[in-house]
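Have a look at the structure below, then the notes.
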Number of protein chains: 2
Amino acid sequence: MFRLSKLTDYAVVVLGRLAREGAVPGGQVQTAPGLALATGIAEPTVAKVLKILGQAGLVEGVRGARGGYRLTRPLAALPLSEVIFAFDGPIALTACVDGVAGLCEAEGVCQVRGRWDPVNDAIRNALSGITVADIAAPHPVRQPVAAAPVLAQLVAE
Amino acid sequence: MFRLSKLTDYAVVVLGRLAREGAVPGGQVQTAPGLALATGIAEPTVAKVLKILGQAGLVEGVRGARGGYRLTRPLAALPLSEVIFAFDGPIALTACVDGVAGLCEAEGVCQVRGRWDPVNDAIRNALSGITVADIAAPHPVRQPVAAAPVLAQLVAE
DNA sequence: TCAAATAGGACCTTTCAGGTCCCCTTTGAA
DNA sequence: TTCAAAGGGGACCTGAAAGGTCCTATTTGA
């Protein structure tokens, strides 16, 4: 199965938490230890996630005492693809995409080189319309995420 | 980046080769050693790929002397997603999809559980229209797989 | 001056994909 | 009848990458 790194998963959780706590652009900041507590993710891991998000410009870190993190954008304006890019790199299914040499056993005789492009594009396209807000919807009531009608259909299929 | 297993990649090459060699439903069979030679992929690896494809019913193995493999379907009738499923399992970005327990650090407090569904479905959807024939074009010179309207758009984008 | 908090690496451990090898079964042909 | 070619099914080993943890430096409010 495709694997998204766990850090990407944690990132969505943390971003959702930041939004819910009001750590939005111009708002309060939230500390890494606090977010660790709130999300149940180990503190060093949360710190690592936030560091990466900071380097990608998706959150803003405030140093010093009373420091913390806040979002740089509303989640609805943050495409999921940017988060994935920050943690997993460019969205592509194979290394064989743009003719990078030396990675493929069938280098010399491969008839498929470059042919995955349409697949990669289809996936990028599919992801382009999804924002973090769509995934990390802050619903106060947690419980079986009783799938919305749309989701139910998808699951059924 | 997303990673598709290399075996999946090899599988597409091998399937394309089978088609090109006439190892189609009702036709000749091709041996694993022969395919290894033709594709440049190591023989044990080709054998492994074919075994998996056979278990998935995507190729038919003929045992005994003069045995070999042939396709069970024309490549144009073989969705890429079936190949991916055979090698990489269900198409899903995270393990957290259907509430499998014990995999997630934030098990108890995760607010995102199940929320990846729309993402997964978007990807399944994107892949649903692509067949192996679209990827493993049988001949260097070949009439554009008229499937192209959609693909062309994606590529163009 | 101190304590709280981010910033940035370095490091270790574990997991798993990738690849190879071995042995069995089947079957056509000499 | 025998043999060799070929698929079938696992078992095994290895190397790389993900996942986590920890340490140290830097910043800054109280």
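Sequence lines set the chain letters: A, B, ... in the order given, protein chains first and strands last, and positions in each chain run from 1.
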Is it true that A:Arg70 and A:Glu21 have a side-chain N and a carboxylate O under 4.0 angstrom from each other? no
Hydrophobic clustering (ILVMFWY, side-chain heavy atoms < 4.5 Å, transitive) - are A:Trp116 and B:Ile123 grouped together? yes
Apply the side-chain contact (heavy atoms from CB on, under 4.5 Å) test between A:Thr8 and each candidate in A:Ile84, A:Ile52, A:Leu80; give the one that qualifies. A:Ile84
C:dG9 C1' sits how many Å from A:Lys48 NZ, rounded? 10 Å
Report the distance from atom CG of B:Asp9 to atom C1' of C:dA17, rounded to the nearest whole Å. 14 Å
So, does A:Gln55 get its side chain near the phosphate of C:dA7, meaning an N or O under 4.0 Å from OP1 or OP2? no
For B:Leu4 and C:dG18, give me the distance from atom CG to atom C1', rounded to whole Å. 14 Å
Check this for me, if you would: do A:Asp9 and A:Lys6 make a salt bridge, where the nitrogen-to-carboxylate-oxygen distance has to be below 4.0 angstrom? no
Report each atom pair, protein N/O against N/O of nucleotides 5-8 of chain D, whose distance is under 3.5 angstrom.
| unit_1 | atom_1 | unit_2 | atom_2 | d |
| --- | --- | --- | --- | --- |
| D:dG7 | OP1 | B:Ala32 | N | 3.0 |
| D:dG7 | N2 | B:Arg63 | NH2 | 2.9 |
| D:dG8 | OP2 | B:Tyr69 | OH | 2.6 |

Side-chain contact, heavy-atom cut-off 4.5 Å: B:Val83 with B:Leu58? yes
Quick check: does any side chain N or O of B:Thr131 sit under 3.5 Å from a backbone N or O of B:Ala77, one acting as donor and the other as acceptor? no
So, are A:Glu82 and A:Arg73 salt-bridged, with charged N and O less than 4.0 Å apart? yes
Would you say B:Tyr10 reaches C:dG18's phosphate, i.e. side-chain N/O to OP1/OP2 under 4.0 Å? no
In whole angstroms, the gap separating P of D:dT21 from CD1 of A:Ile41 amounts to 12 Å
Any idea which heavy atoms bring B:Ile41 and B:Val14 closest together, and the distance? CD1-CG2, 4.5 Å
Atom pair distance, as rounded to whole Å: CD in A:Glu43 and C1' in C:dA5: 10 Å
Output yes when a side-chain donor or acceptor of B:Thr72 lies under 3.5 Å from a complementary backbone atom of B:Glu60, and no otherwise. no
Need the bend value for the helix from C:dT1-D:dA30 to C:dA30-D:dT1: angle between end axes, 5 pairs each end, nearest 10°. 0°
What's the CZ-P distance between B:Phe87 and C:dA17, to the nearest Å? 13 Å
